[in-house]
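Take a look at the structure set out below.
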Amino acid sequence: MNSPALFLGAFLLPPTARRRTGFMAAAAAVVILLLAWPGGCVRANTRTPRSWQTIRDEMGRTLRVRIPVERVVALAPSAADTLFALGACRQVVAVTAYADCPAAVAPCRRVGQPLSPSLEMIASLEPDLVVAARTANRRETVAALDRMGVPVYVTDEHSVGDIVRTVRALGVLLGMPEAAAGLALRMEKQLEAIRTRLAGRPPRRVLFVVWVDPLITAGPRTFITDALRIAGAVPAVQVRGDWPHLSLEQVVLAQPEYLIFPAATPASRQHLLDELRRRPGWNDLQAVQQGGIVIVEESFNRPSPRLIGQIAALARALHPEAFADLPQLPAVEEEPCGR
Amino acid sequence: MKPAATPAAVHPAPPRALPRLGVQGISYAYGTSPQQFVLQPLSFEVARDQVLALVGPNGSGKSTLLRLLAGTLEPLAGKILLDGIELKQLDTRTRAQRIAVVQQENPLLFSLGVLEFVLQGRHPHGRGLRFPDREDLKLALQALDQAGAGRLARRWMHELSGGEKQRVVLARALAQRPVLLLLDEPTLHLDLAGQIDLLRRLRQLATSSQTTVVLATHDLNLAAEFADLVLVLDRGRTAGLGPPAEVLTEALLQQVFGVPLRVEQRPEGTLRIFLEVNRA
Amino acid sequence: MRALTARRVWLVAALLAGLLVLMGVISLGLGAVPIPPRELGACLAGAVHAGAGSVSADCRVIVLELRLPRVLLAALVGAALSVAGAGFQALLRNPLADPYVLGISSGAALGAILSLLAGPPGTLLTGGAAFLGALATVAGVYLLGQRNGHLDTPTLLLAGVITASFLSAIIMFLMTALPGRELRGLAFWLMGDLSSPLPLSLRWLYVAALLTMAALYTTAADLNLLLAGEQEALHLGVNVRRVKLVVYLSASLLTALAVSVSGAIGYVGLLVPHAIRLLFGSDYRLLLPASALGGAVAVVFADTLARTVAAPTELPVGAMTAVVGAPLFIYLLRRHLQ
């Protein structure tokens, strides 16, 4: 369970409140730590009667599912992460390649890549539900599963709030509404805490670089842009569409203060900086010249609860003054990803 | 395939008076201006057992005339009659049952057996997928014999020498059992013996099978020796038409070909044409 | 060399058909979920005797509902492409001709992309739009390839190649306009993918393909002659204009059918006819049916590889045919040159 998130949340409380709640927070933290480490899986509640229900997923598709779901296949890495965050690890019968968060997902059976999974394998696992993501899976795969009679819930997050909604929806499907509510609440509290810290501060103008060559950024209706907004940033270049290509000239014209790169390993920032300084066009950017590069984790690309922690880290990187009174963030995060 | 009937049954024998091939005032041009006339209006007749030789320099219209006779080109004016029937009125299949063409070049894209190649000559007489029956095989082997290529039946086309290939191509034409056989420079790839052998066979064909033979050739001596009729073309115009002895005169030949020639009449009635090269 | 007889055609066809059935049955047992031969045998026997309702769930879902239609589709596409390739090689008198040389696959791809762009969000890559695109290309190239009122081979080839090139340029341009998500589905389709939904039921696709192949087969004897040259064919009684038209339409229709249901699976239409020629000779009366069966075997094999090589990931079939086809092409080329 995400008690470490609670830990983190405590450190984001505004300074004035800290002295009062500090004692209580510490006590609570210890108790919750004891209760919840190491991250536990919620045993499926076998006493709840199962019933067929018709629900709509986030793409507006209708599906008939037997709720609560007992066997679920996570067809996208974000779905796997969210399901494990809910504590549904026992109900997850399979995941896909690239699903590496949290580390506990490692022993799970794999059904292939998100773009080309093995339909046979999914069929033979006889899942009650498959959770797919619009950003990670093909329509054709979803259609094929439909034809096979396997219910597919497709998530489609366009904002951070949508991610919270997904958490609640999946909670209902898995028969763990309380766990979902708890997780959702914690997520919202963290978000609120970040917002409060950043209140009144002017946002930084940034460019989120999905891919360097060709240059691709995130559009206004993506959850990434919403996450940036919460972290106190605003896109420096106005774009349309979800994952538009940009020309370097537009970026030079806009001169963002920071360039944000999601990297598989938060490896040498210096290395990246050196690389960019060598490229023509890129070295015309103030951000490159002055070292305004922020590297966030790969999970920034995934619409799962883990994103909240990433937003906090980014906010701290962009607005260090707002977090000046906090000591170094504890090394604890959510259960870390495997490698 | 149903066995093809003999030519007599397929083409009801015309009255003796009618020539096998009748050409009446045909002409041809590739464009519309008078200077582009490839063939000026010409007429001639060839009987059932005759060999007609077409001679003339390059560009005189020999190949065009052959294509008109084959029916692949339509004359601008005039008529071509085969056994009294206008060529224009025959469909492709019927035409191929009566007229066979031996061309200069025979490119092959994929390897083929000799017998298969000759069997292609039975195509106009068959229907559908045309798997050969006994009759077809017999006729194909006969045709190979007639062309002097009987021993090549089991070989592959691409293995053959130029001369052998020429014989096989002739065999295919003969397998069609044509009443009119057209040949465009058939002696090009043949050695001397081969040339004479071919012409002898053509002569034999005309006489014994009543097949009319029209061949375009550069070799004046062969034409003089083996042809019943010679048509000399000069830039699309008929320069001479008739038996070799009458047409192949020094004056006409020098005028048409533009090279010094000497024509010798032999006692037995044959002609020999020599190049007169001045060794100064 | 002996002349070709109907008996030999039947023999070769029976041999290849047997190979196809064997390949098909093996393919039914292979995949990300291995099904041992005994279980497979029981599954198939049970299905034949008592219907699909009586067998185990694994059998029903995996073998009968997932793999069997896929194997049948693979066979159909392989047959159609190989016959079309053989037909185009005769029509264009060019051994390098393949079903896509006249732009049909580009037209189909364009049709598919336009349907994705113009349709409401959630449109699937269906074969219908691709088929229409292919047909439009066939008509366009036909009109461009005319000379004096009939199909002229060099003009046709030129028209086809230029059309293919032009359409590919448009496709590349449009692909930049597509949102990134759609691109993935399209990329799979372009590589040749047997798992897309079918525009028509498999039965009707088979009927259409078989009828078209039969129409093409009626010209088999004529094609043998056409290969020697149009003049020669004409002199031997072939109605060259009619035959060229029949071949163009049949081969194009077969290609359009194949591409619409499975994207552009490459190398099959080019190589299968050549392999058959090497084994059994160039006579089209044998080449056409043998290519159909041989092509079916080839694509079923490629599909089996696609489903097993990187299991549980399913690779696109076109990637397999390319990986196997390219070295094979080089081998055939060297052999041909010797």
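First the proteins, then the strands, lettered A, B, ... as listed; each starts at 1.
- Under a cut-off of 6.0 angstrom, the local environment of CZ in A:Phe261 is crowded, with over 12 non-hydrogen atoms contributed by other residues, nucleotides or ligands.
- When all heavy atoms are compared, the tightest approach of A:Glu120 to C:Ala32 is OE1-N, 3.2 Å.
- Highest contact tally toward chain C, considering only A:Pro214, A:Ala97, A:Pro117, A:Gly241, is held by A:Pro117 [criterion: heavy-atom pairs under 4.5 Å].
- Taking OG1 of C:Thr313 as the reference point, atom CD of A:Gln113 lies at 4.0 Å (rounded to 0.5 Å).
- The number of heavy-atom neighbours closer than 6.0 Å to CZ of A:Arg221, taken from other residues, nucleotides and ligands shown, is 12 or below.
- Only the side chain of A:Met148 comes within less than 4.5 Å of a heavy atom in chain C; its backbone stays farther off.
- Note on A:Val111, A:Ile216, A:Thr96, A:Thr141: by heavy-atom pairs under 4.5 Å with chain C, the leading option is A:Val111.
- Taking OG of A:Ser118 as the start and CD1 of C:Ile62 as the end, the distance is 8.0 Å to the nearest 0.5 Å.
- Of the atoms belonging to C:Glu65, not a single heavy atom falls under 4.5 Å from chain A.
- Taking a 6.0 Å sphere around OH of C:Tyr206, one finds it holds more than 12 heavy atoms contributed by other residues, nucleotides or ligands.
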